[in-house]
Amino acid sequence: MTQYENVRSRIRPQEKAFDAYSVWINENIREITVSDENGSHTEYEYTQKQYTKDEYISLVDERNAQLEEKIIDTQLALCDVYEMIGE
């Protein structure tokens, strides 16, 4: 993963973009006004992370595994609640 700070664009970036080799995650997007000799215009400043597709697949896989664990924990807790209510 490569991270780029204070990236600027005149076009609001998508939060997630894909190309043939990478997944680009744009975070902390904020609108700023820039003044120059021609007046002022709006730009967007943000943090950009570039993942290879393999890195991104691994990241998503790890997050899915964590969510599955949380779902199982929640289901077990609900079973305990149901048993307490049934008594």
Side-chain angles (χ1 to χ4, degrees):
M1 184 253 311
T2 304
Q3 182 165 316
Y4 304 96
E5 297 290 335
N6 303 319
V7 177
R8 284 195 180 178
S9 172
R10 284 193 172 199
I11 301 170
R12 182 173 179 82
Q14 296 177 339
E15 291 183 9
K16 194 181 300 179
F18 304 88
D19 64 27
Y21 307 101
S22 302
V23 177
W24 302 84
I25 306 296
N26 300 312
E27 302 174 316
N28 305 320
I29 301 169
R30 60 189 180 99
E31 192 174 299
I32 58 173
T33 301
V34 177
S35 298
D36 59 19
E37 62 276 354
N38 298 325
S40 63
H41 62 273
T42 300
E43 288 186 1
Y44 297 91
E45 187 173 84
Y46 49 96
T47 301
Q48 187 173 63
K49 294 179 183 174
Q50 178 187 16
Y51 295 91
T52 66
K53 289 198 173 181
D54 288 341
E55 287 174 325
Y56 191 73
I57 290 168
S58 293
L59 178 69
V60 169
D61 187 52
E62 287 174 26
R63 288 181 183 169
N64 283 343
Q66 291 171 356
L67 286 173
E68 286 175 5
E69 286 179 27
K70 288 180 182 180
I71 289 171
I72 290 169
D73 291 344
T74 301
Q75 289 172 331
L76 291 173
L78 284 171
C79 287
D80 290 343
V81 169
Y82 291 141
E83 286 177 6
M84 289 182 344
I85 291 173
E87 291 177 358

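Residues: numbered from 1 along the sequence shown. No hydrogens, no waters, no symmetry mates; every other heavy atom, side chains included, goes into these values. A quick note: this is a predicted structure, and the numbers were derived from the prediction, not measured.
In this structure, the separation between CG on L59 and CG on N64 is 9.5 Å, given to the nearest 0.5 Å. Of the inter-residue distances, the one linking K49 atom NZ with Y56 atom OH reads 11.0 Å to the nearest 0.5 angstrom. Taken to the nearest 0.5 Å, the CD1 atom of I25 stands 11.5 Å off from the CD atom of Q3. Rounded to the nearest 0.5 angstrom, E31 CD and E45 CD are separated by 12.5 Å. We find the CD1-CD distance between I29 and E15 to be 5.5 Å, quoted to the nearest 0.5 Å.
Scanning both residues, I11 and Y44, for their nearest heavy atoms gives C-CD1, 3.6 Å. Taking each heavy atom of E55 and M1 in turn, the nearest pair found is OE2-N, 2.7 Å.
Heavy-atom neighbours of K53 NZ from other residues, nucleotides or ligands within 6.0 Å: above the threshold of 12. Within 6.0 Å of atom CD in E27, more than 12 heavy atoms from other residues, nucleotides or ligands are found, so the atom counts as buried in its surroundings.
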* Yes or no on side-chain contact (heavy atoms from CB on, under 4.5 Å) for Y46 and S9, after CA distance, side-chain angles and deciding distance? -> CA-CA 9 Å; Y46 49 96; S9 172; 3.7 Å; yes
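Taking hydrophobic clusters as Ile, Leu, Val, Met, Phe, Trp and Tyr residues chained together by side-chain heavy-atom distances below 4.5 Å, Y4 does not share a cluster with V23.
Side chains of Q50 and Q48: no donor on one and acceptor on the other come within 3.5 Å.
Between M84 and D80 there is no side-chain heavy-atom pair separated by less than 4.5 Å. Using a 4.5 Å cut-off on side-chain heavy atoms (C-beta onward), T47 and E5 make contact.
Residue I85 belongs to a hydrophobic cluster whose other members are V81, with links defined by side-chain heavy atoms closer than 4.5 Å.
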